[in-house]
2 protein chains.
Amino acid sequence: MTKDDAVTDWKAIRRDVLANIQSGQWQPGSKIPREIELAERYGSTRSTVGRALRDLADAGFLDRKRKGGTTVAANPMRKAPLDVPILRDAITKAGHRPGYRLLHAKLQCAPADISAALAQPPGVKLLYIRALYFADDRPHQLELRWLVPEMIRGLGPDHWATSPVDEWLLCNAPLTRAQIEIESIALSDALARLFEQPSGSPSLLITRVSWKDAAPLGVLRLYHAPGHRLRTAI
Amino acid sequence: MTKDDAVTDWKAIRRDVLANIQSGQWQPGSKIPREIELAERYGSTRSTVGRALRDLADAGFLDRKRKGGTTVAANPMRKAPLDVPILRDAITKAGHRPGYRLLHAKLQCAPADISAALAQPPGVKLLYIRALYFADDRPHQLELRWLVPEMIRGLGPDHWATSPVDEWLLCNAPLTRAQIEIESIALSDALARLFEQPSGSPSLLITRVSWKDAAPLGVLRLYHAPGHRLRTAI
DNA sequence: CAGTGGTCTAGACCACTAG
DNA sequence: TAGTGGTCTAGACCACTGA
């Protein structure tokens with residue numbers, strides 16, 4: 001392996017280099033040959049080898065530095081992609097019939113922690129939306145959302161009454177940056193009732209604080225029905 | 001914006017195209033100009049424009065098809081990277097003093113769900129390891145691990161007694177593929193005792209089934225101390 | 001300062017697929 | 001089948017950074 005005879009496409013080179021890493025031939029922390037050298041070895045060009053190595057570096061398998069050369073990552077922290085879907089779409093894709101019920105929507109003072117997360121003065125009025133998403137008529141996700149009014153001009157009751165604000169926001173005020181936290185909480189009495197579950201049931205809570213460029217946009221708190229699992233793969 | 005005057009580096013082109021998308025000038029679902037056309041517009045070449053567009057496609061903002069052209073993704077499902085760290089390193093990086101205590105390590109019959117997930121015959125003997133990770137002497141994560149013996153030849157008691165198996169596996173039997181599930185569970189009496197928390201406390205459970213190429217490697221169940229949060233950003 | 005990766009070019013051919 | 005993106009080449013210059 002890793003011999004000559006013109007392996008000339010970048011995916012093959014990527015595969016071969018990765019095999020050298022995963023088989024232990026190229027140990028973590030050690031330097032691998034320069035681009036030019038690999039290009040000769042594979043009967044290819046520097047551009048093509050570079051493409052393969054860049055891809056492996058993006059995936060976290062390699063560390064590259066000018067003049068320092070390319071080294072096998074000491075700690076290949078694999079990144080698992082966790083997607084941030086449109087709620088209704090996600091339910092449909094999972095093979096269920098989606099449903100949406102608006103519970104509350106009003107401009108009101110935000111809790112201190114919310115306004116703080118959005119870098120807004122305490123007591124500022126935000127649009128607070130509470131809505132329940134169903135999968136096959138069973139409560140699936142509870143959405144609590146606080147939105148900065150200035151950022152959502154044009155969003156009105158006619159939007160949120162019938163369809164998730166998700167979908168309006170996507171087209172009209174897309175976020176450019178967000179912080180996401182995932183935690184496990186015990187459902188309060190009120191929340192448990194919504195999910196038709198015993199009080200204290202464990203629920204997955206995702207909190208997302210989002211910005212459009214430098215301007216804070218809103219906070220989303222998404223409570224999942226007990227038993228729900230996030231899935232991903234690497 | 002999006003005018004001529006030679007914007008010739010791919011990051012600038014990427015930025016400009018992304019701005020066109022996020023400002024709503026290029027609506028979700030609509031086609032954007034061909035590579036050659038953009039290359040002329042930016043005073044650049046097809047390769048460079050291609051680099052920018054490929055990057056945006058990888059990030060989920062664009063859909064590209066040969067002959068079909070490039071369209072703005074109808075549903076920009078942003079991918080949040082969730083990393084799969086070395087446990088001890090993660091604790092150190094979070095600014096805590098790491099600790100490790102092995103609770104159990106024995107070759108024994110695996111539960112039916114575990115052997116099924118690994119495509120092993122029911123009742124097969126697997127190496128079962130139970131260990132507790134500490135952060136500043138407080139229990140932080142509980143690791144349950146089942147490993148297929150054939151895949152970990154060379155791993156012995158001297159390894160797992162003193163240091164997390166994590167670290168041996170990384171160098172000697174790196175996974176190439178994995179399925180990950182994240183859920184919220186209520187701690188059983190036994191687990192709650194380990195975390196020094198009331199029984200039934202909500203805990204984040206991560207289950208990872210991993211393979212090396214086509215061969216099943218093992219199952220990891222990682223229970224997090226109540227209150228722990230996974231964080232990521234996009 | 002010298003060596004490495006990062007990027008751009010101008011051109012070519014190929015692979016897929018919509019019409 | 002024609003048009004689009006996907007890839008490769010051969011070469012050049014630049015930007016960073018270790019020795």
Side-chain angles (χ1 to χ4, degrees), chain A residues 2-18 20-21 26-76, chain B residues 2-18 20-21 26-76:
Chain A
T2 315
K3 282 291 144 38
D4 34 23
D5 273 273
V7 174
T8 183
D9 91 82
W10 75 270
K11 288 185 180 176
I13 296 176
R14 193 200 126 113
R15 227 179 298 124
D16 194 74
V17 170
L18 185 55
N20 280 337
I21 296 171
W26 289 348
Q27 283 292 320
S30 67
K31 256 166 68 164
I32 80 172
R34 314 193 294 282
E35 285 189 347
I36 304 186
E37 202 164 320
L38 287 174
E40 287 169 4
R41 193 180 298 187
Y42 288 117
S44 178
T45 55
R46 196 164 82 85
S47 324
T48 304
V49 170
R51 173 87 191 262
L53 297 186
R54 190 195 330 133
D55 202 74
L56 287 170
D58 287 345
F61 291 106
L62 295 175
D63 290 326
R64 316 193 72 193
K65 258 184 287 187
R66 280 157 162 149
K67 166 79 178 185
T70 301
T71 59
V72 178
N75 168 356
Chain B
T2 313
K3 283 292 143 42
D4 33 23
D5 275 272
V7 173
T8 184
D9 94 82
W10 75 269
K11 288 184 179 176
I13 296 176
R14 192 201 125 110
R15 227 177 301 124
D16 194 75
V17 171
L18 184 55
N20 280 337
I21 296 170
W26 289 348
Q27 281 293 322
S30 67
K31 258 168 65 166
I32 78 171
R34 312 194 294 284
E35 286 189 346
I36 304 186
E37 202 164 319
L38 288 175
E40 287 170 4
R41 193 179 298 187
Y42 288 116
S44 177
T45 56
R46 196 163 82 85
S47 324
T48 304
V49 170
R51 172 89 191 261
L53 297 186
R54 189 191 333 130
D55 202 73
L56 286 170
D58 287 345
F61 291 106
L62 294 175
D63 291 327
R64 315 193 72 194
K65 260 184 287 188
R66 282 156 160 147
K67 167 78 180 185
T70 301
T71 59
V72 178
N75 168 356

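Between A73(A) and P28(A), the shortest heavy-atom contact is O-CB, 3.7 Å. Shortest non-hydrogen contact noted between R64(A) and G50(A) is NH1-O, 3.9 Å.
In DNA chain C, the stems built from three or more successive Watson-Crick or G-U pairs (distances below 3.5 Å) are C:1-18 with D:1-18.
With a heavy-atom cut-off of 4.0 Å to chain A, the contacted part of DNA chain D has its first and last nucleotide at dT7(D) to dG18(D).
Of the charged side-chain nitrogens involved, none lies within less than 4.0 Å of a carboxylate oxygen, so that E35(B) and R54(B) do not count as a salt-bridged pair.
Of the residues near DNA chain D, T48(A) and R34(B), the one whose nearest nucleotide (by heavy atom distance) lies more toward the 5' end is R34(B). Position along DNA chain C of the nearest nucleotide to S47(B) versus L53(A) favours L53(A) as the more 5'-ward residue.
D16(B) has its side chain within reach of Y42(B): a pair of non-hydrogen atoms, C-beta onward, lies under 4.5 Å apart. No side-chain heavy atom of Q27(B) sits under 4.5 Å from any side-chain heavy atom of V72(B).
Atom OG1 in T71(B) sits 4.5 Å away from atom CG in D63(B) (nearest 0.5 Å). Distance check: W10(A) CH2 to L56(A) CG gives 8.5 Å after rounding to the nearest 0.5 Å.
At the heavy-atom level, R46(B) lies under 4.0 Å from base atoms of the strands shown.
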Check nucleotides 16-19 of chain C for protein N or O atoms closer than 3.5 Å to its own N or O atoms and list the pairs.
none

Side chain to side chain contact (heavy atoms under 4.5 Å, CB included), that's the test. Do L38(B) and I32(B) meet it? Break it down for me. CA-CA 9 Å; L38(B) 288 175; I32(B) 78 171; 4.3 Å; yes
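Checking T48(B), I13(B), L62(B), D58(B) one by one against L53(B), the side chain to side chain contact (heavy atoms under 4.5 Å, CB included) holds for a single residue, L62(B).
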